[in-house]
Protein chains: 2
Amino acid sequence: MINIADVARHAGVSTATVSRALSGGHHVSPATRLRVEASAAHLGYVVSSNASSLASGRMKNIGVVVPFLNHWFFASVVEGAQQALQRHGYDLTLYNLTGGLEARRSVFEHFLLRQRVDAVIAVSLELTENEVARLHALNKPLVGVGGPLAGVRTLTVDDLAVARLATEHLIALGHTRIAHIGGDKAFDLDFNLPTNRRFGYEAALVAAGIEARRDDFRPADFTTAGGYQAAKQLLGRPHERPTAIFAASDEMAIGSILAARDLGLVVPGDVSVIGVDDHELATFFGLSTVAQFPQRQGEKAVEVLMEELRPHPESRTGLNINMPFELIVRGSTARPAV
Amino acid sequence: MINIADVARHAGVSTATVSRALSGGHHVSPATRLRVEASAAHLGYVVSSNASSLASGRMKNIGVVVPFLNHWFFASVVEGAQQALQRHGYDLTLYNLTGGLEARRSVFEHFLLRQRVDAVIAVSLELTENEVARLHALNKPLVGVGGPLAGVRTLTVDDLAVARLATEHLIALGHTRIAHIGGDKAFDLDFNLPTNRRFGYEAALVAAGIEARRDDFRPADFTTAGGYQAAKQLLGRPHERPTAIFAASDEMAIGSILAARDLGLVVPGDVSVIGVDDHELATFFGLSTVAQFPQRQGEKAVEVLMEELRPHPESRTGLNINMPFELIVRGSTARPAV
DNA sequence: TCAGACACTGCAAGCGATTGCAGAATGATT
DNA sequence: AATCATTCTGCAATCGCTTGCAGTGTCTGA
């Protein structure tokens with residue numbers, strides 16, 4: 001493998017000059033730079049990132065920690081982050097916490113510590129104090145995506161507003177009996193997203209002078225199957241049937257649509273359904289939803305980090321950065337039958 | 001940040017001994033090793049992977065290249081690989097090719113070359129000759145998962161056998177009019193998986209003495225929506241209607257089930273449906289399928305690499321490694337109506 | 001008792017870059 | 001023409017660890 005000395009020799013300069021010419025090109029005459037670049041290209045030289053990192057302290061590598069990957073939202077965030085990083089010449093090292101407690105510990109106590117990353121992006125993770133402490137001890141920038149982390153710069157959608165937007169959409173259509181499928185308690189330990197969405201839903205109802213009935217809420221596990229079950233219960237009560245359902249995720253919303261069909265109900269004729277996410281299947285099911293843009297969230301996380309990694313970080317925005325969301329009306333919501 | 005010299009001082013030995021004690025512990029007396037380990041733990045020492053890599057030439061890092069991440073199969077493979085790597089103390093650096101041609105080029109011409117990975121896993125990727133050449137020029141182990149790469153060690157399920165198994169299941173139930181939804185031409189440029197599955201399907205029919213009717217095949221794009229469209233066409237011909245559909249992916253199979261329902265047909269009463277994958281939604285839809293185990297494929301890829309990275313690779317298996325698959329019968333297939 | 005084998009341990013030379021410092025060359029200013 | 005500022009470039013130290021080689025000490029067998 002050819003190294004910087006080879007290039008230096010070939011171009012008739014010192015390794016110092018090669019290094020400078022190839023990185024930014026400051027303090028090097030244009031002529032020399034061109035010559036060096038030509039030599040490098042000719043020899044097919046690529047810097048050894050290890051040597052470079054060791055000498056400079058910059059890793060050109062970002063660690064991304066996700067609770068699981070096998071899920072549309074997380075994969076999208078990672079994908080967005082990956083693309084943005086690539087544009088900046090950074091690598092992305094992926095840490096997945098699916099492997100259980102042992103795996104989780106090793107990530108925080110071992111992998112993240114070996115000086116391999118310049119910064120860390122934590123996606124929808126509730127970290128223990130110990131874990132946050134360890135990350136801070138690294139003295140490296142850390143940004144979270146979704147799921148507010150105590151004391152950590154976090155990108156997040158305003159879940160309350162999202163829920164309110166969805167619910168208001170249903171109210172505006174004329175619905176007065178609106179059910180909600182949200183997270184169950186177990187989920188709430190990890191994010192408080194479900195609770196926030198529920199509050200937003202209730203707030204919208206109250207604002208419209210509608211009573212939030214306790215039995216119009218059903219917890220579920222954010223899966224299609226969970227949403228299906230919950231919707232079956234909600235819609236299975238002939239005279240008590242709500243005319244609309246706001247599900248806290250598209251997957252649960254899709255489950256609700258399928259449940260409605262199985263009960264012989266027509267969507268949106270008999271019941272309107274709205275979700276949150278703009279999942280890839282939302283279009284197929286004609287699902288109205290409040291889109292959040294996970295790819296863009298990943299990209300934005302990278303931008304924030306790049307800013308912090310710059311020698312003199314300027315525009316340090318506040319701790320919490322609000323991400324955009326948007327109501328997308330498709331065919332699954334309509335005015336209630338008269 | 002504390003380094004090896006600090007540990008050496010604290011333990012009263014040389015850095016050489018610390019290094020040896022902490023990596024394997026060969027050639028170090030048990031007593032010394034214990035002392036060193038205690039010092040390291042006490043000081044909270046973690047090796048600098050850059051320095052280590054630079055000195056040893058081992059990166060403890062594997063590059064994984066995927067065409068996109070936002071898809072159940074790929075995410076699962078990556079997840080499996082990640083967990084396996086973590087057990088071996090390796091990092092996983094993710095390269096995503098979604099970003100278009102420019103991004104793709106930069107991955108192969110820049111990122112993968114900077115001496116950061118010990119080996120590369122290419123998931124379901126059709127690589128150009130140039131790209132394969134570049135990877136081989138790295139002189140690093142390379143293994144593919146799915147999608148045979150010319151001259152590259154590849155893990156793959158026997159797509160022909162998978163398709164035959166699915167089709168035979170339908171035949172065994174008594175179906176004689178079996179349609180197939182497979183990949184379209186565009187897809188076939190990237191994998192030849194679709195074609196192989198189609199061949200397997202036809203082979204099974206022929207073996208059972210059933211004619212493979214040209215118009216019982218419909219190409220689709222491996223999405224739920226695509227499967228839906230294709231199935232609508234197949235099932236929309238009243239007197240020509242097949243009694244069973246074999247879809248080359250679960251997503252298309254699910255689309256088929258939804259299409260059948262929309263046409264007022266009952267699954268499996270009027271039409272049986274079987275897919276391939278064992279997608280996470282397969283259970284929910286009661287979909288019979290031929291499971292392939294993407295996580296296991298990711299794990300296996302890692303095992304193969306670890307073997308190749310060992311000083312003296314032994315059991316070098318053949319170029320192609322067959323991965324297991326398994327028929328899973330759920331409710332979507334049954335004998336045809338009489 | 002002594003030589004040879006063996007098990008530990010330390011010395012020091014890398015690994016391949018980056019970068020502060022200083023010298024050389026060039027250009028500008030008076 | 002002399003001086004000073006500026007721009008380029010090279011020297012050499014440094015980043016933190018690994019590992020071949022050699023030295024020391026201990027153990028075994030004759």
Side-chain angles (χ1 to χ4, degrees), chain A residues 1-37 39-40 43-61 89 91 110 113-118 138-139 309 311, chain B residues 1-37 39-40 43-61 89 110 113-118 138 309 311:
Chain A
M1 183 56 56
I2 102 127
N3 65 24
I4 199 173
D6 300 324
V7 178
R9 210 170 306 122
H10 186 271
V13 296
S14 72
T15 63
T17 300
V18 173
S19 173
R20 284 190 273 252
L22 262 30
S23 57
H26 300 299
H27 298 285
V28 173
S29 77
T32 325
R33 203 210 11 235
L34 251 45
R35 198 144 38 85
V36 170
E37 282 170 352
S39 294
L43 298 175
Y45 168 72
V46 181
V47 300
S48 154
S49 53
N50 283 305
S52 171
S53 297
L54 181 57
S56 71
R58 278 173 258 111
M59 312 301 150
K60 289 277 197 171
N61 189 20
D91 279 334
H110 191 77
L113 306 181
R114 37 182 185 175
Q115 305 283 314
R116 220 177 229 182
V117 296
D118 289 317
L138 280 180
N139 214 4
L309 289 174
Chain B
M1 185 54 58
I2 101 128
N3 64 24
I4 200 174
D6 299 325
V7 178
R9 210 169 306 122
H10 187 270
V13 296
S14 72
T15 62
T17 299
V18 173
S19 174
R20 286 192 271 253
L22 260 31
S23 57
H26 301 298
H27 297 284
V28 173
S29 78
T32 322
R33 202 207 16 230
L34 252 46
R35 201 144 36 86
V36 170
E37 282 170 352
S39 295
L43 298 176
Y45 168 72
V46 180
V47 301
S48 154
S49 55
N50 282 307
S52 172
S53 297
L54 182 56
S56 71
R58 278 172 258 112
M59 311 300 152
K60 289 277 199 169
N61 188 21
H110 191 77
L113 306 179
R114 34 182 187 176
Q115 305 283 311
R116 217 174 231 184
V117 296
D118 288 317
L138 280 180
L309 289 173

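Below, chain A is the first sequence line, B the second, and so on; all start at residue 1. These figures come from a predicted structure and were not determined experimentally.
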Determine whether [X] and [Y] make a side-chain contact, defined as any pair of heavy atoms from C-beta on separated by less than 4.5 Å.
{"X": "B/S19", "Y": "B/I4", "answer": "yes"}
{"X": "A/V18", "Y": "A/V13", "answer": "yes"}
{"X": "B/H10", "Y": "B/V7", "answer": "no"}
{"X": "B/V46", "Y": "A/R114", "answer": "yes"}
{"X": "A/D91", "Y": "A/K60", "answer": "no"}

Quick one: label A/S49 by what it contacts on the DNA or RNA (base, sugar-phosphate, nothing), any heavy atom closer than 4.0 Å.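 Nothing, no heavy atom under 4.0 Å.
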5' to 3' contact window, DNA chain C with chain B (heavy-atom distance under 4.0 Å):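 So the outermost contacting nucleotides come out as C/dC8 to C/dG16.
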Ignoring hydrogens and angles, tell me if any N or O in the side chain of A/D118 forms a donor-acceptor pair with the backbone of A/R58 under 3.5 Å.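 No: the side chain of A/D118 does not pair with the backbone of A/R58.
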Report the distance from atom CZ of A/R116 to atom CG of A/N50, rounding to the nearest 0.5 Å.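 The CG atom of A/N50 is 7.5 Å from CZ of A/R116, to the nearest 0.5 Å.
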Taking all heavy atoms of B/Y45 and all of B/I2, pick out the closest pair and write down the distance.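 Looks like CD1-O, 3.6 Å.
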Minimum heavy-atom separation for B/A5 to B/T15, with atom names?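 Residues B/A5 and B/T15, closest heavy atoms: CA-CG2, 3.9 Å.
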Less than 3.5 Å apart, any donor N or O on the side chain of B/S49 or B/S52 sitting next to an acceptor on the other?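 Side-chain D/A pair, B/S49 to B/S52: absent.
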Enumerate all atom pairs, one protein N or O and one N or O from nucleotides 24-28 of chain D, separated by less than 3.5 Å.
none

Contact string for nucleotides 14-22 of chain D, one letter per nucleotide 5' to 3', B = base within protein heavy-atom range under 4.0 Å, S = sugar-phosphate only, - = neither, reads -BBBBBB--
